[in-house]
**Q** 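Below is the structure I would like to discuss, written out as structure tokens.
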Amino acid sequence: MSQRILLTGATGQVGGELVPLLRPLGDIYVPARDEMDLADVASVRRVIQAVQPRWIVNPAAYTAVDKAESESDLAYAINAESVRAIGEEARSINAGVIHFSTDYVFDGKGTQPYREEDSTGPAGVYGASKLAGEKALAESGAAYLIFRTSWVYGATGKNFLRTILKAAAERERLRVVADQHGAPTWSRDLARMVAHVIQQVEKTVPQEDLSQSVMKVKGIYHASGGGETTWHGFAVEAIRRMRERVPEAKLAEVDAIATEDYPTPAKRPMNSRLNCERLMTTFDWKMMDWRDSLREVIAEL
Ligand SMILES: NC(=O)c1ccc[n+]([C@@H]2O[C@H](COP(=O)([O-])OP(=O)(O)OC[C@H]3O[C@@H](n4cnc5c(N)ncnc54)[C@H](OP(=O)(O)O)[C@@H]3O)[C@@H](O)[C@H]2O)c1
């Protein structure tokens with residue numbers, strides 16, 4: 001495959017992992033921010049028409065969950081309006097779109113892992129803007145795949161694991177929320193999944209029919225790490241693994257606290273668990289158990 005893949009958000013957690021994994025699949029075009037700013041829909045349309053990609057992979061997003069509460073316009077511009085533009089331009093050139101969304105589209109009150117078709121009800125601006133992006137992409141008529149994920153982390157980037165390990169090295173005790181349930185998802189596992197899905201789709205049809213083959217599987221897929229835990233459980237396991245790796249390190253003990261003892265501007269879902277069966281049955285891909293990915297990530301730190 002020698003076609004172009006337009007990749008956004010290459011400086012982010014998922015985008016950074018996608019760069020080397022997409023490279024064998026096509027010529028990757030990574031626009032600079034001054035060329036394509038997702039807050040500027042015209043620049044999005046211009047770049048897509050100039051590049052004429054076969055695939056558009058869009059992990060870029062406004063991801064500042066708390067700040068979104070006071071920057072609603074910007075969050076919607078990046079997470080919804082630009083996604084509509086991506087969809088419309090993709091449709092006009094028959095490109096396939098791979099987009100990412102979040103468990104924050106749900107209200108988090110459910111007691112089971114969420115399925116793709118469960119009713120949504122975001123509790124904050126970030127989740128609402130991501131949900132608006134999902135809807136905009138669906139309405140655009142593009143051939144698209146949306147992967148909803150949760151608790152993304154890795155050896156680089158801004159994420160809970162790195163924050164907690166830094167804090168654990170600086171302090172004697174940490175307080176971490178123990179009543180929000182979910183599954184940490186390794187950014188590299190997500191990127192591997194995307195590369196696998198692109199290959200699966202490409203295998204099914206002749207080159208000229210890409211958008212038609214994506215259309216056959218288009219829709220939303222849940223893609224979060226296997227197993228489940230709480231933020232407290234994640235922190236405890238991360239510190240335990242780190243102690244194994246660096247026995248001489250002095251790392252904090254972790255106390256379990258309730259969500260109400262850690263107030264944040266945006267409400268967090270109590271249940272972030274996602275049922276990933278559809279990903280398995282459609283694309284034959286099982287996301288890594290979070291404990292296995294954590295072991296690999298800690299080894300890379
Ligand atoms: N992180 C999580 O826990 C989590 C959970 C569920 C779902 N998701 C979703 O998964 C996807 C990937 O998340 P991530 O963790 O990789 O995000 P991330 O690390 O925060 O990266 C976001 C990327 O978007 C880019 N970006 C932000 N504003 C932009 C703009 N106006 N124009 C162009 N690019 C812009 C950033 O560029 P700069 O570096 O230049 O700012 C960065 O490359 C997103 O759709 C996110 O909503 C994430």
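We count ligands from 1, going down the list as the structure has it; atoms in each ligand are counted the same way.
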**Q** Using modelled atom types and a 3.5 Å cut-off, is there a donor and acceptor pairing between side-chain atoms of Asp255 and backbone atoms of Arg175?
**A** no

**Q** With atom 38 (P) of ligand 1 as the reference point, say which of Gln13, Arg33, Glu35 has the nearest heavy atom.
**A** Arg33

**Q** Any idea which protein heavy atom is nearest atom 4 (C) of ligand 1, and the distance to it?
**A** Val152 CG2, 3.5 Å

**Q** Give the residue, atom name and distance (to 0.1 Å) of the protein heavy atom nearest atom 27 (C) of ligand 1.
**A** Ala61 O, 3.3 Å

**Q** So between Phe100, Tyr62, Tyr126, whose heavy atom ends up nearest atom 10 (O) of ligand 1?
**A** Phe100

**Q** Is the Tyr153 to Phe160 ring centre distance short of 6.0 Å?
**A** no

**Q** Between Arg54 and Leu6 (side chain of the first, backbone of the second, donor and acceptor by atom type, cut-off under 3.5 Å), is there such a pair?
**A** no

**Q** Hey, is ligand 1 close enough to Gly15 that some N/O pair sits below 3.5 Å?
**A** no

**Q** Trp285 vs His196 aromatic rings, parallel, tilted or perpendicular, using cut-offs 30° and 60°?
**A** tilted

**Q** Would you say Gly12 has any N or O atom under 3.5 Å from an N or O of ligand 1, going by distance alone?
**A** yes

**Q** Starting from atom 39 (O) of ligand 1, what is the nearest protein heavy atom, named by residue and atom, and what distance separates them?
**A** Thr11 OG1, 2.6 Å

**Q** Between Gln13 and Asn159, does any side-chain donor sit less than 3.5 Å from a side-chain acceptor?
**A** yes

**Q** Do any heavy atoms of Ser101 fall under 4.0 Å from ligand 1?
**A** yes

**Q** Look at atom 25 (C) of ligand 1 and say which protein heavy atom is nearest, naming residue and atom and giving the distance to 0.1 Å.
**A** Ala60 CB, 3.9 Å

**Q** Would you say Asn79 and Tyr126 make side-chain contact, with heavy atoms under 4.5 Å?
**A** yes

**Q** Centroid-to-centroid, Phe283 to His222, below 6.0 Å?
**A** no

**Q** So, does Ile78 sit close enough to ligand 1 that a heavy atom of it is under 4.0 Å from the ligand?
**A** yes

**Q** Near Lys130, which atoms of ligand 1 are under 4.0 Å from a heavy atom of that residue?
**A** 44 (C), 45 (O), 46 (C), 47 (O)

**Q** Contact between ligand 1 and Ala39 is defined here as a heavy atom of the residue under 4.0 Å from a ligand atom; is it met?
**A** yes

**Q** Considering heavy atoms of the protein only, find what lies nearest to atom 6 (C) of ligand 1 and give residue, atom and distance to 0.1 Å.
**A** Thr149 O, 3.2 Å

**Q** Would a 4.5 Å heavy-atom cut-off, applied to side chains only, mark Glu35 and Val47 as touching?
**A** yes

**Q** Which residue supplies the protein heavy atom nearest to atom 12 (C) of ligand 1, what is that atom called, and how far is it?
**A** Pro59 O, 3.2 Å

**Q** Can you label the angle between the Trp151 ring and the Phe234 ring as parallel, tilted or perpendicular, going by 30° and 60°?
**A** parallel

**Q** In terms of atom number and element, which parts of ligand 1 are under 4.0 angstrom from non-hydrogen atoms of Gly9?
**A** 23 (C), 43 (O)

**Q** Give me the residue, atom name and distance of the protein heavy atom closest to atom 32 (N) of ligand 1.
**A** Leu38 N, 2.9 Å

**Q** Counting N and O atoms only, with roles assigned by atom type, does the side chain of Glu300 sit under 3.5 Å from a partner on the main chain of Val297, one being a donor and the other an acceptor?
**A** no

**Q** Look at atom 17 (O) of ligand 1 and say which protein heavy atom is nearest, naming residue and atom and giving the distance to 0.1 Å.
**A** Thr63 CG2, 3.6 Å

**Q** Pair Asp103, Ser272 - check side chain to side chain donor-acceptor pair (under 3.5 Å), show working.
**A** CA-CA 6 Å; Asp103 62 281; Ser272 285; 2.8 Å; yes

**Q** Looking at Asp37, which atoms of ligand 1 are within less than 4.0 Å of one of its heavy atoms?
**A** 30 (C), 31 (N), 32 (N)

